[in-house]
Amino acid sequence: MSSARTKIDDAITAFAASAGDVIDGDRVDALMRVAAGATPRELLVAATLAVTQLLGQRGSCILVEGGPRVAFAPHAPGLVDWPVNLALYPEVVAAVESRVVVAIDDVHSDARLETVRSNLPRELGSVAVVPLVVADRCLGVFLVQSASAQIVSPEAKATAALMAKITALVLSKSPPLLAPIAAEPAAPRRSIPLAPAAEVQGDPAAPGRILIIDDDEAFASVLTTSLTEEGYLVEHTTNGPDGLSRIATVRPQLVLLDVNLPSLNGFDIARMLRSTPVHGNVPILFLSGADDLALRVRGIRLTDVDFLPKPFSIDELLTRIQRVGDQAAARRKLLLEAEHDELTGLGNLRLLRARMVAERSRVERYGSALTLVVVDVDKLKQINDQHGHVAGSRALKAIADVLRKEVRETDLPIRYGGDEFVVLLPHTTLAEGLAFANRALNHIAEIKPGGIAVTVSIGIAALAGGSSSDDDLLRRADAAAYRAKRLGGNRLCADGDDSQPG
């Protein structure tokens with residue numbers, strides 16, 4: 001036996017003798033057997049579990065030397081070296097400073113927690129903190145929490161203190177375990193450039209919104225707390241169907257998605273999300289401890305996805321979030337340039353073609369309605385000739401603004417050509433399309449860009465049950481708009497109603 005090992009054993013024996021009959025010898029002996037052949041990390045895990053079993057329901061080990069962080073938490077094994085804000089844990093600070101066990105029987109009445117009472121979980125009843133003390137150092141603590149108020153017995157306190165002493169003596173001889181965290185430069189935080197800032201709660205200064213879909217509630221709770229402390233707005237749900245429905249209301253700028261979920265796995269959820277027209281481009285970061293995670297993520301062949309294997313540290317997560325954000329922002333910029341009209345900011349023909357394929361698939365699968373509206377500007381050439389092309393451009397932008405205000409979130413307005421616009425209206429019947437077109441017609445007639453009167457001719461056609469092609473639908477709506485223009489303009493005509501004067 002080495003001299004260092006002998007010193008440890010002698011110190012433990014002396015401490016145990018001073019505790020006398022107060023300690024639970026069986027528990028201490030069990031931990032001693034682990035200490036005899038385990039690595040420091042294995043001993044820390046075993047001691048955390050043993051102290052937790054002795055004092056309460058949920059425990060973790062927090063190391064303070066080198067920066068306060070969670071060294072092991074059985075309820076959240078996916079997190080490693082997770083930083084801890086000690087300002088939120090006055091009971092931990094008290095144990096570190098006093099070097100004795102701090103037991104709070106009822107967290108909702110104890111004065112020591114007054115400053116953090118509003119932040120305490122509702123399900124928390126009592127807490128015990130056992131310091132890891134060796135010589136004049138406090139390496140950290142075991143933090144044990146329980147759902148109900150309870151009194152820790154003197155025997156339990158003494159036994160937990162001795163087990164912490166054993167652990168501290170071994171850990172003190174293991175510098176790598178206590179090395180400072182964040183050896184690499186920290187990632188820029190509070191920045192997810194994935195969508196216009198105004199879309200986040202309408203507040204340009206609001207931080208990014210993240211939706212966590214993970215059925216491990218303890219893990220998600222720790223993740224939520226840490227990301228919230230970084231300034232993010234975080235929502236959490238435990239299953240895929242609920243997650244998909246909440247995306248429409250939460251409008252996240254990033255989804256942290258567990259792979260192994262009940263009913264729908266993470267990859268199924270990602271595919272379903274990507275098939276939605278409005279929120280289908282939300283970046284996804286898969287979280288999993290599976291060995292083949294990288295291979296499986298590559299296999300799904302979806303854009304704006306990344307992965308992070310468990311366990312991971314907070315800086316690893318923040319770095320990956322930043323990377324996902326940068327990649328999504330770059331992709332969105334390219335798509336914006338490729339699929340949008342430079343003058344009006346509306347979509348272009350390329351975007352319309354892509355959306356029509358997706359919407360037609362829905363019509364064929366579910367029998368839903370789909371309506372297309374063609375808006376043809378009356379006498380644009382005359383405006384250009386009499387007032388100049390700047391006036392014509394001003395008129396086109398004003399019409400685009402009206403269409404943008406009239407459409408729903410699921411609708412798609414695009415600039416189709418020099419003097420034509422098209423509006424795709426999913427889940428819309430011909431009658432509903434006529435109502436939309438009539439509103440747009442009246443509002444456009446009210447605008448006077450640059451003091452110039454502007455009118456349009458509008459044609460409407462509907463597709464139901466996949467009865468015709470996309471090109472045929474567009475042709476029929478365009479023919480109806482041409483008929484409205486022949487009748488004098490500033491009116492609308494529906495496909496199939498040659499008698500309609502508008």
Side-chain angles (χ1 to χ4, degrees), residues 34 38-52 58-85 132 139-145 167 171 174-187 189 210-230 232 234 236 238 254-261 265-267 284-298 305-324:
V34 173
T39 65
R41 173 66 69 176
E42 291 169 342
L43 174 60
L44 182 146
V45 170
T48 303
L49 295 173
V51 172
T52 299
R58 193 173 83 171
S60 59
C61 178
I62 299 174
L63 297 180
V64 296
E65 288 197 344
R69 79 274 194 191
V70 176
F72 174 65
H75 58 280
L79 306 179
V80 295
D81 283 341
W82 208 255
V84 175
N85 182 0
L132 293 155
L139 309 184
V141 300
F142 293 123
L143 174 63
V144 183
Q145 300 172 322
T167 307
L171 293 185
S174 178
L177 193 63
L178 300 173
I181 59 174
E184 298 181 357
R189 300 183 178 182
I210 296 175
L211 175 64
I212 301 173
I213 305 178
D214 196 315
D215 62 336
D216 186 339
E217 296 197 40
F219 173 80
S221 176
V222 175
L223 208 57
T224 298
T225 299
S226 298
L227 290 174
T228 300
E229 290 178 356
E230 293 297 327
Y232 291 99
V234 185
H236 169 234
T238 58
L254 174 69
V255 175
L256 298 182
L257 182 57
D258 186 23
V259 171
N260 298 315
L261 290 166
N265 68 44
F267 298 123
I284 297 171
L285 180 57
F286 287 106
L287 306 177
S288 174
D291 294 335
D292 60 346
L293 179 61
L295 182 63
R296 295 173 69 187
V297 171
R298 286 197 296 269
V305 300
D306 204 341
F307 64 93
L308 183 60
K310 297 178 182 178
F312 52 79
S313 69
I314 179 64
D315 282 327
E316 286 179 303
L317 176 62
L318 293 171
T319 299
R320 198 61 58 91
I321 286 175
Q322 185 66 38
R323 187 172 82 179
V324 170

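Along the sequence shown, residues carry numbers from 1. Values below: all heavy atoms of this structure, side chains included; hydrogens, waters and symmetry mates excluded.
- Taking 4.5 Å as the limit, every side-chain heavy atom of Thr167 sits out of range of all side-chain heavy atoms of Cys61.
- Distance check, rounded to the nearest 0.5 Å: CG of Asn260 to CZ of Phe267 gives 8.5 Å.
- The side-chain heavy atoms of Ile210 and Ile321, taken from C-beta on, include a pair separated by under 4.5 Å.
- How far CD1 of Ile212 is from CG of Leu257: 11.0 Å, rounded to the nearest 0.5 Å.
- Atom CG in Leu223 sits 5.5 Å away from atom CZ in Phe312 (nearest 0.5 Å).
- A distance of 11.5 Å separates CG in Leu317 from CD in Gln322, rounded to the nearest 0.5 Å.
- Between Val84 and Val70, some side-chain heavy-atom pair lies under the 4.5 Å cut-off.
- Panel note: side chain His236, backbone Asp214; a donor-acceptor pair is recorded below 3.5 Å.
- Legend: residues meeting side chain to side chain donor-acceptor pair (under 3.5 Å) with Thr39, ordered by chain and number and at least two apart, are Glu42.
- Atom CG of residue Leu318 and atom CG of residue Leu227 lie 6.5 Å apart, to the nearest 0.5 angstrom.
- Salt bridge annotation for Asp315-Arg69: absent, with no cationic side-chain nitrogen under 4.0 angstrom from a carboxylate oxygen.
- One finds the CG atom of Leu44 at 10.0 Å from the CG atom of Leu139 (value rounded to the nearest 0.5 Å).
- Residues that satisfy the ring-ring contact (aromatic ring centres under 6.0 Å, His included) test with Phe307, not counting sequence neighbours, are absent from this structure.
- Put simply, the side chain of Lys310 reaches to within 4.5 Å of the side chain of Asp258, judged on heavy atoms.
- Residues Leu285 and Leu308 come closest through the heavy atom pair CD1-N, 4.1 Å.
- Applying the side chain to side chain donor-acceptor pair (under 3.5 Å) rule to Asp306 yields the partners Arg323; only residues at least two apart in sequence or on another chain are considered.
- Residues Asp215 and Thr238 share a closest heavy-atom pair of CB-O, 3.4 Å.
- At distances below 3.5 Å, at least one donor-acceptor pair connects side-chain atoms of Thr52 with backbone N or O atoms of Thr48.
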